[in-house]
Amino acid sequence: MAEQIPGRGVVIVASTRAARGVYRDETGPRLASWLEGRGLEVGEPRVVADRDVAAAVAEALAPPRPRVLITTGGTGIGPEDQTVEAVYPHLERELPGIVQELIRRGVEHGPASAVLTRGVAGLVGDTFVATLPGSPGAVEDGIAVIDPILGHLVGQARGGENHANHGSHGNHG
């Protein structure tokens with residue numbers, strides 16, 4: 001069983017079509033269920049139009065901050081895709097390896113166009129933030145990348161000293 005993480009998690013879905021009710025988003029509930037399974041308290045995913053994602057991110061990161069904030073959608077290259085621009089200014093420490101692995105997995109398991117993803121991951125204070133693409137497959141890839149390191153990541157962000165069992169290549173945190 002995965003290490004349980006106490007605290008609050010937030011999921012934001014950036015999708016103009018889902019916010020309008022054109023289709024039912026499935027990625028937000030999947031992410032919320034995963035975070036709840038890790039022990040975090042997660043309310044309903046917040047579904048917002050792409051143009052409103054900056055305000056939703058700012059609100060989610062206002063004190064008291066959650067331990068984890070995951071967004072889905074708005075990471076492409078379309079003119080409405082604004083999630084990266086909404087999250088990036090808040091980041092105090094970037095974690096580019098997470099995004100690199102997400103893209104690698106996306107290309108390996110899906111279309112070559114996965115390389116067009118513009119994601120970011122990092123820390124805002126001791127809150128872990130990651131932007132995932134809006135497709136169900138990309139969200140599953142994101143969970144696969146983040147889940148094995150989430151407990152360690154959150155512990156380290158809070159000043160933890162546990163470096164055991166997280167790789168044997170030395171310089172990793």
Side-chain angles (χ1 to χ4, degrees), residues 2-15 27-28 31-32 34-36 38-43 45-48 50-77 80-106 115-134 138-139 141-167 169-173:
E3 176 184 352
Q4 295 294 287
I5 302 166
R8 190 169 57 91
V10 173
V11 175
I12 298 173
V13 177
S15 171
T27 61
L31 287 165
W34 163 61
L35 292 174
E36 287 170 349
R38 291 302 306 267
L40 292 160
E41 296 175 25
V42 183
R46 183 164 177 199
V47 180
V48 299
D50 289 282
R51 71 176 180 273
D52 298 328
V53 70
V57 167
E59 182 179 316
L61 291 174
R65 289 186 186 128
R67 282 216 169 166
V68 177
L69 167 61
I70 307 286
T71 69
T72 175
T75 62
I77 59 172
E80 287 194 3
D81 293 324
Q82 298 296 313
T83 303
V84 173
E85 289 78 9
V87 170
Y88 185 76
H90 296 279
L91 294 181
E92 297 167 6
R93 298 178 118 185
E94 290 184 69
L95 298 169
I98 292 171
V99 176
Q100 292 164 1
E101 180 60 10
L102 177 63
I103 292 170
R104 189 199 65 75
R105 284 184 64 94
V115 298
L116 300 177
T117 295
R118 300 175 317 112
V120 292
L123 297 173
V124 179
D126 59 7
T127 296
F128 170 64
V129 182
T131 63
L132 300 178
V139 165
D141 284 344
I143 291 170
V145 169
I146 298 168
D147 191 61
I149 61 169
L150 187 61
H152 181 67
L153 191 159
V154 169
Q156 289 293 295
R158 294 255 164 146
E161 296 297 324
N162 180 11
H163 291 270
N165 300 319
H166 294 285
H169 299 292
N171 194 10
H172 59 84

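Each of Val11, Thr71, Val139, Val47 was compared with Thr27 under the side-chain contact (heavy atoms from CB on, under 4.5 Å) criterion, and only Val139 meets it.
Between Val10 and Val42, the closest side-chain pair of non-hydrogen atoms is not below 4.5 Å. For the pair Pro66/Glu41, no side-chain contact is recorded, criterion being any heavy-atom separation below 4.5 Å from C-beta on. In this structure the side chain of Trp34 reaches within 4.5 angstrom of the side chain of Leu150, judged on heavy atoms. Counting heavy atoms from C-beta outward, Ile98 and Leu153 have side chains that approach closer than 4.5 Å. Residues Ile5 and Val68 are not in side-chain contact: their nearest non-hydrogen atoms beyond the backbone lie 4.5 Å or more apart. Taking the side chain as every heavy atom from C-beta outward, Val57 and Val129 never approach each other to under 4.5 Å.
Here Glu59 contributes atom CD and Ile12 contributes atom CD1; the two are 8.0 Å apart, rounded to the nearest 0.5 Å. We find the CG-CD1 distance between Leu31 and Ile143 to be 5.0 Å, quoted to the nearest 0.5 Å.
In plain terms, the two heavy atoms of Arg65 and Thr127 that are nearest each other are CB-OG1, 3.3 Å. Closest heavy-atom contact between Arg105 and Val145: CD-CG2, 3.2 Å. In terms of heavy atoms, Ala32 sits closest to Pro45 at CB-CG, 4.1 Å. Shortest non-hydrogen contact noted between Pro133 and Thr117 is CG-CG2, 3.7 Å. Scanning both residues, Asp50 and Gly74, for their nearest heavy atoms gives OD1-CA, 3.9 Å. Nearest approach of Val115 to Ile103, heavy atoms of both residues: CA-CG2, 3.9 Å.
Here side chain to side chain donor-acceptor pair (under 3.5 Å) pairs that include residues 94-103, with residues two or more places apart or in two chains, are Tyr88-Glu94, Glu101-Arg104. Residue pairs that meet the salt bridge (Lys or Arg N to Asp or Glu O under 4.0 Å) test with at least one member in residues 116-132, sequence neighbours left out, are Glu85-Arg118, Asp126-Arg158.
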Please walk me through it: do Phe128 and Leu123 pass side-chain contact (heavy atoms from CB on, under 4.5 Å)? CA-CA 5 Å; Phe128 170 64; Leu123 297 173; 4.2 Å; yes
Could you please spell out the steps behind the side-chain contact (heavy atoms from CB on, under 4.5 Å) verdict for Thr75 and Asp81? CA-CA 6 Å; Thr75 62; Asp81 293 324; over 6 Å; no
